[in-house]
J.: 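My structure is below; once you've seen it, I'll send some questions.
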Amino acid sequence: SMNSTPGMNNIKDGYSRLFINEFSAGDPSKNQTAHYDEGNWVELFNYNEYELDVGGLYMTNDLNYPNKYWIPDTSPQKTTIPPMGYLLMWSDNMYGEDALHMNFTLAQDGMQIGLARKVNHEYLYIDTLVYTYQSNHVSTGRIKDGANTWTNFTSPTPGRSNTSSITAAPSREVTDF
């Protein structure tokens, strides 16, 4: 049975199935490849059977400040994640270049990453993590997309399924709140 919501917009709330799925925080100057030469990144994964626009949500590298970067809601063609799909957000301090370039970087020696939304003037976290030192050329991600277990990937998979990187380095601790 569905709960009725008189007077409210009936929108699907897929945010509980939106994940920070993989990230790279190594020295960006040593992290350049032919396709991913823009420094550090955070990959979001939409674990829904429908597309999800992340425009209007917030990302941060400090969980005390959930609203550090507001993902613009004016570029749905850039910020909409297909069903079971991925979106790369660049943590390169190139804010203003487009909706996917955030106004902060990720420190190599450890930091926090948070994805939040605003509900009734309050910021609610959708997903958060805390990480420790990150090696160059190595990303950290969920072993299976959306799973609770994290590992290091010596072959990072930005924008692709994490299971496509079979060679996983020994896991470092990532705290999931």
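We use all heavy atoms of the structure for the numbers below, so side chains are in, but hydrogens, waters and symmetry mates are not.
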J.: Partners of D145 by side chain to side chain donor-acceptor pair (under 3.5 Å), sequence neighbours excluded?
T.: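 If we apply the side chain to side chain donor-acceptor pair (under 3.5 Å) test to D145, skipping adjacent residues, the hits are N21, Y86, S161.
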
J.: State, with a plain yes or no, whether a side-chain heavy atom of L18 is found less than 4.5 Å away from one of L52.
T.: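 Contact flag for L18/L52 side chains = yes.
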
J.: Are L106 and M94 connected in the hydrophobic side-chain network, where two residues link if heavy atoms are under 4.5 Å apart?
T.: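 In one cluster with L106: M94, no.
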
J.: Does a sphere of radius 6.0 Å around CD in Q77 hold more than 12 heavy atoms from other residues, nucleotides or ligands, not counting ones at 6.0 Å or beyond?
T.: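 Yes.
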
J.: Determine whether D92 and M102 make a side-chain contact, defined as any pair of heavy atoms from C-beta on separated by less than 4.5 Å.
T.: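 Side chain of D92 against side chain of M102, heavy atoms only: no contact under 4.5 Å found.
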
J.: Applying the side chain to side chain contact (heavy atoms under 4.5 Å, CB included) criterion to V54, which one of D73, I81, I126 satisfies it?
T.: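 The residue from D73, I81, I126 that satisfies side chain to side chain contact (heavy atoms under 4.5 Å, CB included) with V54 turns out to be I81.
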
J.: I need the minimum non-hydrogen distance between Y125 and Y65, along with the two atoms involved.
T.: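 Smallest heavy-atom distance, with atoms named: OH-C, 4.2 Å.
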
J.: Can you find a side-chain donor-acceptor pair between N152 and T140 that sits under 3.5 Å?
T.: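 Short answer, yes.
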
J.: Please answer: with hydrophobic residues joined when any side-chain heavy atoms are less than 4.5 Å apart, are L57 and F45 in the same cluster?
T.: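 No, separate clusters.
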
J.: Any donor and acceptor pair, going by atom type alone, linking the side chain of N103 with main-chain N or O of K68 inside 3.5 Å?
T.: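 Yes.
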
J.: Of all the heavy-atom pairs spanning G146 and Y47, show the shortest one and how long it is.
T.: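 Taking every non-hydrogen atom into account, CA-CD1, 4.4 Å.
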
J.: So, for L63 and Q112, which heavy atoms are closest and what is the spacing to 0.1 Å?
T.: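 In this case the closest contact between L63 and Q112 is N-OE1, 2.8 Å.
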
J.: For T79 versus L87, what's the shortest heavy-atom pair and its separation?
T.: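 The pair with the smallest heavy-atom distance is O-CD2, 4.1 Å.
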
J.: When you check the side-chain N and O atoms of T157 and E22, is any donor under 3.5 Å from an acceptor?
T.: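 The answer is yes; a qualifying pair exists.
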
J.: To the nearest 0.5 Å, what is the distance between CD1 on I20 and OG1 on T128?
T.: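 Between atom CD1 of I20 and atom OG1 of T128 there are 7.0 Å.
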
J.: First locate atom CE of M89, then atom CG of L115, and finally report the distance between them rounded to the nearest 0.5 Å.
T.: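 The distance works out to 8.5 Å.
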
J.: V138 and S24: which non-hydrogen atoms are nearest, and at how many Å?
T.: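 Scanning both residues, the minimum pair turns out to be O-OG, 4.4 Å.
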
J.: Is T60 reaching over with its side chain to a backbone N or O of D62, donor-acceptor style, under 3.5 angstrom?
T.: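 Checking the backbone N and O of D62 against the side chain of T60, a donor-acceptor pair under 3.5 Å is found.
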
J.: Between Y123 and Y58, is the ring centre distance below 6.0 Å?
T.: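 Centroid distance Y123-Y58: below 6.0 Å, so yes.
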
J.: Group every Ile, Leu, Val, Met, Phe, Trp and Tyr by side-chain heavy-atom contacts under 4.5 Å, then state whether Y15 and Y50 land in the same group.
T.: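 Shared cluster, yes.
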
J.: For the pair R142 (side chain) and A147 (backbone), establish whether a donor and an acceptor sit closer than 3.5 Å, ignoring hydrogens and angles.
T.: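 Such a contact is found between R142 side chain and A147 backbone.
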
J.: Test of understanding: clusters of I, L, V, M, F, W, Y form through side-chain heavy atoms closer than 4.5 Å, transitively. Do I113 and W70 belong to the same one?
T.: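 No.
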
J.: Between Q134 (side chain only) and A25 (backbone N and O only), is there a donor and an acceptor less than 3.5 Å apart?
T.: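 No; zero donor-acceptor contacts below 3.5 Å.
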
J.: Which residues pass the salt bridge (Lys or Arg N to Asp or Glu O under 4.0 Å) test with K78, sequence neighbours left out?
T.: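 K78 satisfies salt bridge (Lys or Arg N to Asp or Glu O under 4.0 Å) with D98 only.
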
J.: Side chain of D53, backbone of G55: donor and acceptor closer than 3.5 Å?
T.: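 Flag set: sc D53 to bb G55 pair under 3.5 Å.
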
J.: So, do L129 and F23 sit near enough that their side-chain heavy atoms are less than 4.5 Å apart?
T.: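 When only atoms from C-beta onward are counted, F23 and L129 do touch, with a gap below 4.5 Å.
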
J.: Is there a donor-acceptor contact under 3.5 Å linking the side chains of N40 and Q108?
T.: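 No donor-acceptor contact under 3.5 Å links the two side chains.
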
J.: Can you see which heavy atom on I143 is nearest to which on N162, and at what distance?
T.: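 Of all heavy-atom pairs spanning I143 and N162, the closest is O-CB, 4.1 Å.
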
J.: Hydrophobic clustering (ILVMFWY, side-chain heavy atoms < 4.5 Å, transitive) - are F19 and I71 grouped together?
T.: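 The answer is no; the residues belong to distinct hydrophobic clusters.
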
